[in-house]
Undergrad: 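One structure, as structure tokens, below. Some questions next.
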Amino acid sequence: MRKFSEQESRCLTEVRCNCCGRKMMIRNGIVEEGCVCLNVPFGFFSEKDGQIHHFDLCEACYDRMIADFQIPVEMEEATELI
């Protein structure tokens, strides 16, 4: 769950993990820890047709979620960190 400032700049002020509720560290509008931000658009052939779900997960909740996957996530090393 993301909150933004009321100003024109809409600076990011708060991010909470939608799973555990933990408040993540934000400095100058930037999340300074592992965070997964998902925007899931549902289309045809879905019970959620036309909906877009937005949520954030802290790294610990993400790790718990993928630990239950039957097919492991694909991983690769980033060659450039921004």
Side-chain angles (χ1 to χ4, degrees):
M1 178 194 76
R2 291 178 177 244
K3 289 186 180 177
F4 295 89
S5 66
E6 302 282 329
Q7 303 162 350
E8 289 180 26
S9 63
R10 279 189 41 92
C11 184
L12 184 64
T13 59
E14 183 178 317
V15 178
R16 287 190 179 266
C17 176
N18 283 82
C19 186
C20 70
R22 188 175 69 76
K23 192 174 182 178
M24 293 183 226
M25 186 185 310
I26 304 289
R27 186 175 302 153
N28 298 323
I30 298 170
V31 182
E32 291 195 334
E33 62 179 283
C35 176
V36 177
C37 174
L38 294 162
N39 298 297
V40 185
F42 288 92
F44 297 119
F45 314 112
S46 165
E47 297 295 318
K48 298 166 190 64
D49 189 17
Q51 296 178 15
I52 302 173
H53 292 199
H54 308 276
F55 61 97
D56 296 281
L57 296 174
C58 68
E59 192 169 0
C61 288
Y62 172 79
D63 288 343
R64 281 193 298 277
M65 180 182 74
I66 67 169
D68 291 334
F69 285 4
Q70 292 297 312
I71 301 169
V73 298
E74 292 183 23
M75 290 184 248
E76 64 182 88
E77 291 292 322
T79 56
E80 195 173 308
L81 299 175
I82 297 175

Undergrad: Indicate, with yes or no, if Val73 and Phe55 share a hydrophobic cluster defined by side-chain heavy-atom contacts under 4.5 Å among Ile, Leu, Val, Met, Phe, Trp and Tyr.
TA: yes
Undergrad: According to a hydrophobic-cluster definition based on side-chain heavy atoms being under 4.5 Å apart (Ile, Leu, Val, Met, Phe, Trp, Tyr only), do Met75 and Ile66 belong together?
TA: yes
Undergrad: Do Met65 and Val40 land in one hydrophobic cluster if side-chain heavy atoms of ILVMFWY residues count as linked below 4.5 Å?
TA: yes
Undergrad: Indicate yes or no: at least one non-hydrogen side-chain atom of Asp49 is less than 4.5 angstrom from one of Phe42.
TA: no
Undergrad: Arg64: which residues meet the side-chain hydrogen bond (donor to acceptor under 3.5 Å, both in side chains) condition with it, sequence neighbours left out?
TA: none
Undergrad: So Met1 and Glu14, do their side chains get closer than 4.5 Å, heavy atoms only?
TA: yes
Undergrad: Taking all heavy atoms of Asp56 and all of Arg16, pick out the closest pair and write down the distance.
TA: CB-O, 3.9 Å
Undergrad: With sequence neighbours excluded, tell me which residues meet side-chain contact (heavy atoms from CB on, under 4.5 Å) with Asn39.
TA: Cys37, His54
Undergrad: Rounded to the nearest 0.5 Å, what's the gap from CE on Met25 to SG on Cys35? Could you check?
TA: 12.5 Å
Undergrad: About how many Å separate CG of Leu57 and CG of Asn18, when rounded to the nearest 0.5 Å?
TA: 7.0 Å
Undergrad: Return the minimal non-hydrogen interatomic distance between Arg22 and Cys58, and the atom names on each side.
TA: NH2-CB, 3.5 Å
Undergrad: Rounded to the nearest 0.5 Å, what separation is found between the OG1 atom of Thr13 and the CZ atom of Arg2?
TA: 11.0 Å
Undergrad: So with a 6.0 Å cut-off around CD of Glu6, is the heavy-atom count from everything else above 12?
TA: no
Undergrad: Can you name the residues that form a side-chain hydrogen bond (donor to acceptor under 3.5 Å, both in side chains) with Glu59, not counting sequence neighbours?
TA: none
Undergrad: Please answer: with hydrophobic residues joined when any side-chain heavy atoms are less than 4.5 Å apart, are Leu38 and Val15 in the same cluster?
TA: no
Undergrad: Which atom names give the shortest non-hydrogen contact between Ser46 and Gly43, and what distance separates them?
TA: CB-O, 3.2 Å
Undergrad: Working to the nearest 0.5 Å, report the span between CD1 of Ile26 and CD of Glu33.
TA: 8.0 Å
